[in-house]
Amino acid sequence: MDGLIGQSDGPIRLAVFLGVFLAMALVELLWPKRTLSVSKGKRWLTNLGISVTDSLVLRLMAMLAVPVAAVAAAFYAQAHQIGLLNNVAWPQWLKIVVALLALDLAIWAQHLASHKVPLFWRLHQVHHADRDIDVTTAVRFHPVEIALSMLWKIVVVVPLGASPLAVFLFEVILNACAMFNHANIALPAWLDGVLRMFVVTPDMHRVHHSVLRREHDSNYGFNLSLWDRLFRTYTAQPEAGHQGMTIGLTPYQSEAPTKLGWSL
Ligand SMILES: [Zn+2]
């Protein structure tokens, strides 16, 4: 299976990204949760512009320092038999499950750190400055934050000994889940309730984009809702309600966050 991953996984990533992106954008049009406060055209152009910049930065990193990518790190660990999962005789499926869980916890911890460490918070504010939250918010991350995230994944992948397939699956799932939980979609309350027993739903993640500090310092998860419950950083609903709450950051309730230059 690992043979699939590596040089040829690009089209699969792109197909999943485009498929989920278009599906979410369509559902947002049909069943929107909140009325957006800023013009969608400008915001989308900026958010997608940031995303393109991110891809270029990752490409550049890959060109400069032999594939600096989490998948490449997994291949390296496998070839050299480094890391926990490369040295145990567990069935393949179990190794993949353990790797997915460990990576999800690692990204949860990174997100927590990006709220608690001042320098990381500066970078992460680009994501939170968005005054509306929809599918494009999911790709609105400062390129330096994206680069740091990639390095962090490498730091986790090698001692863990996660297989290239597990890392690939994790990255694709994370990307799809982020687009789902940032989407401005109105799920029926019962469906939201069932889903959030397992995964982070749009209503759960919207709390995290509140201007109120105690609300945006909660619900750090992107995939599983488990970590926030386990570490007591879970907030079920926004105090002002999903329609009444203000999204973004208090100092930046202007047009500025819709501009690409300002954001970067
Ligand atoms: Zn955050």
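In each ligand, atom 1 is the first atom listed, and ligand 1 is the first ligand listed. Not measured: the values here are computed from a predicted model.
The main-chain N or O of E28 is never found under 3.5 Å from a side-chain atom of D134 such that the two would form a donor-acceptor pair.
In this structure N86 satisfies the side chain to side chain donor-acceptor pair (under 3.5 Å) test with no other residue, sequence neighbours excluded.
Taking backbone and side-chain atoms together, H208 has an N/O/S atom less than 2.8 Å away from the Zn ion (ligand 1). When distances to the Zn ion (ligand 1) are checked against a cut-off of 2.8 Å, H115 contributes an N, O or S atom below that limit. Residue H124 counts as close to the Zn ion (ligand 1), with an N, O or S atom under 2.8 Å.
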Verify side-chain contact (heavy atoms from CB on, under 4.5 Å) between R196 and D203, making sure each step is shown before the conclusion.
CA-CA 9 Å; R196 79 158 76 184; D203 279 5; 3.5 Å; yes

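With the Zn ion (ligand 1) as the vertex, NE2 of H128 and NE2 of H111 span 170° to the nearest 10°.
Salt bridge status for R214 with D217: absent, with no side-chain N to carboxylate O gap under 4.0 Å.
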